[in-house]
There are 2 protein chains.
Amino acid sequence: MDMTQRLSAEDWADAALDALGRGGLPAIAVEPIAARLGTTKGSFYWHFRNRDALIEAALHRWEERGTSQVIEALKAEEGPEAKLRKLFTTVIAFGLSHRIELSLLGSRDHPAVGPVLQRVAERRVTYVRELFEEVGFTPEEAHHRATLGVSIYLGHTQLAHTARAALPENVDALITSAIDALLTAPTPAPPTPPTSPT
Amino acid sequence: MDMTQRLSAEDWADAALDALGRGGLPAIAVEPIAARLGTTKGSFYWHFRNRDALIEAALHRWEERGTSQVIEALKAEEGPEAKLRKLFTTVIAFGLSHRIELSLLGSRDHPAVGPVLQRVAERRVTYVRELFEEVGFTPEEAHHRATLGVSIYLGHTQLAHTARAALPENVDALITSAIDALLTAPTPAPPTPPTSPT
DNA sequence: GTCCAACCATACGGTCCCGTATGGAGGTTG
DNA sequence: CAACCTCCATACGGGACCGTATGGTTGGAC
């Protein structure tokens with residue numbers, strides 16, 4: 001590491017985010033992180049009020065990384081369909097962010113964690129839904145397809161982390177074909193009433 | 001509760017499973033559960049060797065409930081297609097089991113949790129895959145569709161627990177139409193080449 | 001009734017973590 | 001150089017939980 005003796009609040013937040021990825025919310029503990037940073041609690045309680053403040057700082061950092069930065073990175077793609085394909089093919093390849101997300105699921109009852117997970121989930125569905133609307137689907141159809149798409153993404157991530165052996169070899173092709181189906185195929189038995197054109 | 005002063009190991013395992021649903025793995029703690037049962041640690045350490053033994057007992061109970069019992073309950077349905085529909089429509093309606101599963105995801109690094117999650121996930125994919133094969137799909141196609149189906153199920157559950165507001169109103173219809181697509185529609189761009197040179 | 005085994009209550013020491021109190025070390029400013 | 005402000009090390013008390021030790025209670029065998 002660095003021999004810089006003076007630390008900043010951001011250093012502590014980064015270390016907390018790192019610990020979150022390794023051991024979940026309980027791993028955001030002051031004394032272990034202090035030892036890992038090569039310092040003591042004295043440093044921490046100068047920069048932060050208490051442990052909860054560190055938790056919120058780490059969650060805030062994760063929320064930024066998981067939503068805004070991803071959506072920002074997609075602005076380079078042209079057209080909603082290209083964005084959708086790029087989104088699902090790249091986002092599946094992430095690693096650390098997923099570890100943190102799965103860890104947070106176990107602590108969703110924590111008052112600071114639940115709202116973050118809710119905002120992230122809603123932001124994802126909303127964004128994907130808007131893309132499907134831009135493609136040309138009705139709001140209801142777009143909402144349904146977005147829900148399915150996000151569900152596939154979340155479920156696949158969960159499977160990859162718990163039973164990678166149960167996944168087929170060519171997962172990328174599977175995801176691609178699923179996006180194809182979501183983008184092109186008309187719903188066989190659409191739950192929306194048939195009197196709605198377009 | 002009951003005024004029966006004498007408890008059994010099963011009582012402790014049930015209480016541990018209950019605690020697991022409320023607070024995740026860290027909630028399987030001897031002293032709090034003892035207080036909840038109206039007894040003391042003296043009772044626990046008579047029936048169990050230590051806390052890890054209690055954790056394994058609770059996980060074993062959950063694994064049984066989540067796999068064998070569900071699959072057993074489906075033997076009443078006739079034909080693979082009916083079983084698939086029944087499976088996905090009923091399994092989505094569960095509640096406590098899902099709470100436990102999401103909590104366990106955050107503790108998948110625990111040596112006793114990871115293998116259980118892996119077995120459960122593999123058993124689910126394998127079973128659904130067999131059903132798709134019975135319907136008439138090739139082993140590869142069945143594997144792909146099973147992976148997608150289980151992913152949709154897992155992802156939907158995750159969304160329902162973190163951002164229920166982001167889900168459309170008629171979720172049942174959405175799930176039904178998704179199963180329809182998985183059962184009937186031929187894959188638009190099948191990832192398996194016809195000549196299979198890999 | 002006696003006795004023994006199953007079962008439980010209580011007390012204790014140990015570990016890990018939180019948060020506070022307090023006294024520095026080290027650079028900065030006048 | 002002296003006062004000062006920033007940042008950190010150390011020490012302390014407290015709480016939660018684990019596991020052990022030990023004695024007490026209860027119910028059935030005989």
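Basis for what follows: all heavy atoms, side chains included, without hydrogens, waters or symmetry-related copies. Worth saying up front: this structure is predicted, and the values here are computed from it rather than measured. Below, chains carry the letters A, B, ... as their sequence lines are ordered, and counting in each starts from 1.
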Taking the side chain of B:Leu7 as heavy atoms from C-beta outward, which of D:dT10, C:dC8, D:dC18 is closest to it?
C:dC8
Round to a whole Å and report the spacing from OH of B:Tyr45 to P of C:dA9.
15 Å
Can you check the B:Leu54 CG to D:dC17 P distance for me, whole Å?
14 Å
Between A:Ile55 (CD1) and C:dC18 (C1'), how many Å, whole number?
12 Å
Checking A:Glu78 now: which residues fulfil salt bridge (Lys or Arg N to Asp or Glu O under 4.0 Å) with it, not counting sequence neighbours?
none
Is there a side-chain polar atom (N or O) of B:Thr39 under 4.0 Å from OP1 or OP2 of C:dA9?
yes
Those residues at least two apart in sequence (or on a different chain) that pass salt bridge (Lys or Arg N to Asp or Glu O under 4.0 Å) with A:Arg51 are none
Tell me, please, which residues at least two apart from B:Glu56 pass salt bridge (Lys or Arg N to Asp or Glu O under 4.0 Å).
none
Does D:dT6 have OP1 or OP2 sitting under 4.0 Å from an N or O in the side chain of A:His47?
no
Nearest whole Å is fine: how far is C:dG14 P from B:Arg51 CZ?
22 Å
How many Å lie between CD1 on B:Ile33 and C1' on D:dA16, as a whole number?
14 Å
By side chain to side chain donor-acceptor pair (under 3.5 Å), which residues pair with A:Arg61, not counting sequence neighbours?
A:Asp14
For atom CZ of A:Phe44 and atom C1' of C:dT20, their distance in whole Å
13 Å
The nucleotide from D:dC8, C:dC17, D:dC17 with an atom nearest the side chain of A:Pro32 is C:dC17
Please write out the pairs of protein N or O atoms and N or O atoms of nucleotides 27-29 of chain D separated by less than 3.5 Å, giving the distance to one decimal.
none

Are B:Glu134 and B:Lys83 ion-paired here, with the side-chain N under 4.0 Å from a carboxylate O?
no
Assign each of B:Ser43 and A:Asn50 to its nearest nucleotide of DNA chain C by heavy atoms, then name whichever residue's nucleotide is nearer the 5' end.
B:Ser43
Salt bridge or not for A:Asp180 and A:Arg85, using N-O below 4.0 Å?
yes
B:Trp46 has an atom CH2; how far is it from atom P of D:dT20, in whole Å?
14 Å
Whole angstrom is fine here: how far is it from CD in B:Glu31 over to P in C:dG13?
16 Å
Pair listing, side-chain hydrogen bond (donor to acceptor under 3.5 Å, both in side chains) test, anchored in residues 106-115 of chain B, at least two apart
A:Arg99-B:Asp109
Closest listed nucleotide, where the reference is the side chain of A:Ala29 and the choices are D:dC17, C:dC8, C:dC17
C:dC17
